Amino acid sequence: MISKELILKEVETLAPLPQEDVLEIGSGHGELTLELARRANHVIALELDRDLVQQGPRTSPNNVSWIQADALKFELKTVSAVISNVPYHISSPLVFKLLLWGGFGRALLVLQKEFAERLVALPGSPNYGRLSVTFQLLSKAQLLFDVPPWAFSPKPKVWSSAVMVYPLNGDARALAPDLKTFTAIIFSQKNKMARGVLLRSGLLMPREDQEEPLSKMRLDTRRIRQLSPEEVLTLLTYVKNRHRLPQADEETGS
């Protein structure tokens, strides 16, 4: 990011306190890093480019630790906050790595606008899918402001959006691998009636939708894309308890 105005806006939005440690993912030339260092107790600047990491200590204060590493492979340690202008091509794996880790109080992530809108999409809306379900079961989030292409160098072809993310500690975290498998199956037919999808997939047996806790969902009159994240988790728990969930190892998707 090259826009001084937006760098300051990101720092103001994250609002690091003097006693807080902040993890910055993708520090680049350190413009955002230096602004964070003026407020936070300690900034961990994670950057993949070795040359940029070597240049960093020459211009940064003593409360910045520069680390050359791939964020998708790096073993994260607990911090107060995370901030990142996320490279578009690693948006999904990085977001879900952070959420499955959960070792932070809040994260300000600048993501491709379309991707950010899918994360927070409501049931029944065009952008709602398995990405939305998994994200909303693992976190609470708020879309904050849009970022224009000219705020970056090189300039992308699309707009970005800033999202504030708060991790949740609940049943979904322990069930995350199964949730990935389950949502991959049912959201491949997200426009079809939920009961039919579950029956055809072997995840539900005839008349089981009339049992508790499924009876209130009206699966015979609602499409998969209309089910809330909490209802998807209820269905997953029901299916898993009956040992009907197949194994799969695909990435979290749309």
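The structure displayed is predicted, hence computed values, not measured ones.
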Report the distance from atom [atom1] of [X] to atom [atom2] of [Y], rounding to the nearest 0.5 Å.
{"X": "Lys97", "Y": "Ile90", "atom1": "NZ", "atom2": "CD1", "value": "9.5 Å"}
{"X": "Leu46", "Y": "Asp70", "atom1": "CG", "atom2": "CG", "value": "8.5 Å"}
{"X": "Phe115", "Y": "Leu111", "atom1": "CZ", "atom2": "CG", "value": "6.0 Å"}
{"X": "Leu14", "Y": "Leu109", "atom1": "CG", "atom2": "CG", "value": "10.0 Å"}

Thr134 and Lys180: CA distance, side-chain angles, deciding distance, side-chain contact (heavy atoms from CB on, under 4.5 Å) verdict: CA-CA 8 Å; Thr134 308; Lys180 182 169 67 173; over 6 Å; no

Considering only distance and modelled atom types, tabulate donor-acceptor pairs under 3.5 Å from the side chains of residues 144-160, sequence neighbours left out.
| from | atom 1 | to | atom 2 | distance (Å) |
| --- | --- | --- | --- | --- |
| Asp146 | OD1 | Lys113 | NZ | 3.2 |
| Asp146 | OD1 | Ser161 | OG | 2.8 |
| Asp146 | OD2 | Lys113 | NZ | 3.0 |
| Ser160 | OG | Tyr88 | OH | 2.5 |

Worked verdict on Leu138 versus Phe96 for side-chain contact (heavy atoms from CB on, under 4.5 Å): CA-CA 9 Å; Leu138 293 173; Phe96 286 98; 4.2 Å; yes

CA sep, side-chain torsions, deciding dist, call: Leu48, Phe74, side-chain contact (heavy atoms from CB on, under 4.5 Å): CA-CA 10 Å; Leu48 182 62; Phe74 185 69; over 6 Å; no

Check: Ser60/Trp66 side-chain N/O donor and acceptor closer than 3.5 Å: yes

Pair Gln226, Tyr128: side-chain N/O donor-acceptor within cut-off below 3.5 Å: no

Same cluster (ILVMFWY, side-chain, under 4.5 Å), [X] and [Y]:
{"X": "Leu131", "Y": "Leu94", "value": "yes"}
{"X": "Val82", "Y": "Phe135", "value": "yes"}
{"X": "Leu204", "Y": "Phe187", "value": "yes"}
{"X": "Phe104", "Y": "Met164", "value": "no"}
{"X": "Val64", "Y": "Ile7", "value": "yes"}

Side-chain ([X]) to main-chain ([Y]) donor-acceptor, under 3.5 angstrom:
{"X": "Thr221", "Y": "Arg218", "value": "yes"}
{"X": "Arg173", "Y": "Leu99", "value": "yes"}
{"X": "Arg195", "Y": "Leu219", "value": "no"}
{"X": "Gln136", "Y": "Ser228", "value": "no"}
{"X": "Glu47", "Y": "Asp49", "value": "yes"}
{"X": "Arg223", "Y": "Ala194", "value": "no"}
{"X": "Lys192", "Y": "Val197", "value": "no"}
{"X": "Lys240", "Y": "Leu175", "value": "no"}
{"X": "Thr33", "Y": "His29", "value": "no"}
{"X": "Ser84", "Y": "Ile25", "value": "yes"}

Verdict with reasoning, Gln189 to Ser201, per side-chain contact (heavy atoms from CB on, under 4.5 Å): CA-CA 10 Å; Gln189 305 176 68; Ser201 303; 4.0 Å; yes

Using a 6.0 Å cut-off, check whether atom [atom1] of [X] has over 12 heavy atoms from anything other than its own residue.
{"X": "Glu5", "atom1": "CD", "result": "no"}
{"X": "Asn62", "atom1": "CG", "result": "no"}
{"X": "Glu114", "atom1": "CD", "result": "no"}

Where do [X] and [Y] come nearest, in terms of heavy atoms and distance?
{"X": "Pro213", "Y": "Met217", "value": "O-CE, 4.2 Å"}
{"X": "Leu23", "Y": "Val79", "value": "CB-CG2, 4.0 Å"}
{"X": "Leu108", "Y": "Ala162", "value": "CD1-CB, 4.2 Å"}
{"X": "Arg118", "Y": "Ser132", "value": "O-OG, 2.6 Å"}
{"X": "Ala176", "Y": "Leu100", "value": "CB-CD2, 3.3 Å"}
{"X": "Asn41", "Y": "Asn63", "value": "O-CB, 3.3 Å"}

Any salt bridge linking [X] with [Y]? Criterion: basic side-chain nitrogen under 4.0 Å from a carboxylate oxygen.
{"X": "Arg106", "Y": "Glu20", "answer": "yes"}
{"X": "Lys9", "Y": "Glu35", "answer": "no"}
{"X": "Glu231", "Y": "Lys216", "answer": "no"}

Ser215 vs Gln210, side-chain hydrogen bond (donor to acceptor under 3.5 Å, both in side chains): CA-CA, chis, key distance, verdict: CA-CA 4 Å; Ser215 58; Gln210 300 171 21; over 6 Å; no

Residue of the set Val22, Thr13, Val110 for which side-chain contact (heavy atoms from CB on, under 4.5 Å) holds with Ile83: Val22

From Val232, Ile186, Ile185, residue fulfilling side-chain contact (heavy atoms from CB on, under 4.5 Å) relative to Ile224: Ile186

Residue pair Leu236 / Leu245, side-chain heavy-atom distance below 4.5 Å: yes

Derivation and outcome, salt bridge (Lys or Arg N to Asp or Glu O under 4.0 Å), residues Arg242 and Glu208: CA-CA 11 Å; Arg242 282 153 181 76; Glu208 280 189 328; 3.8 Å; yes

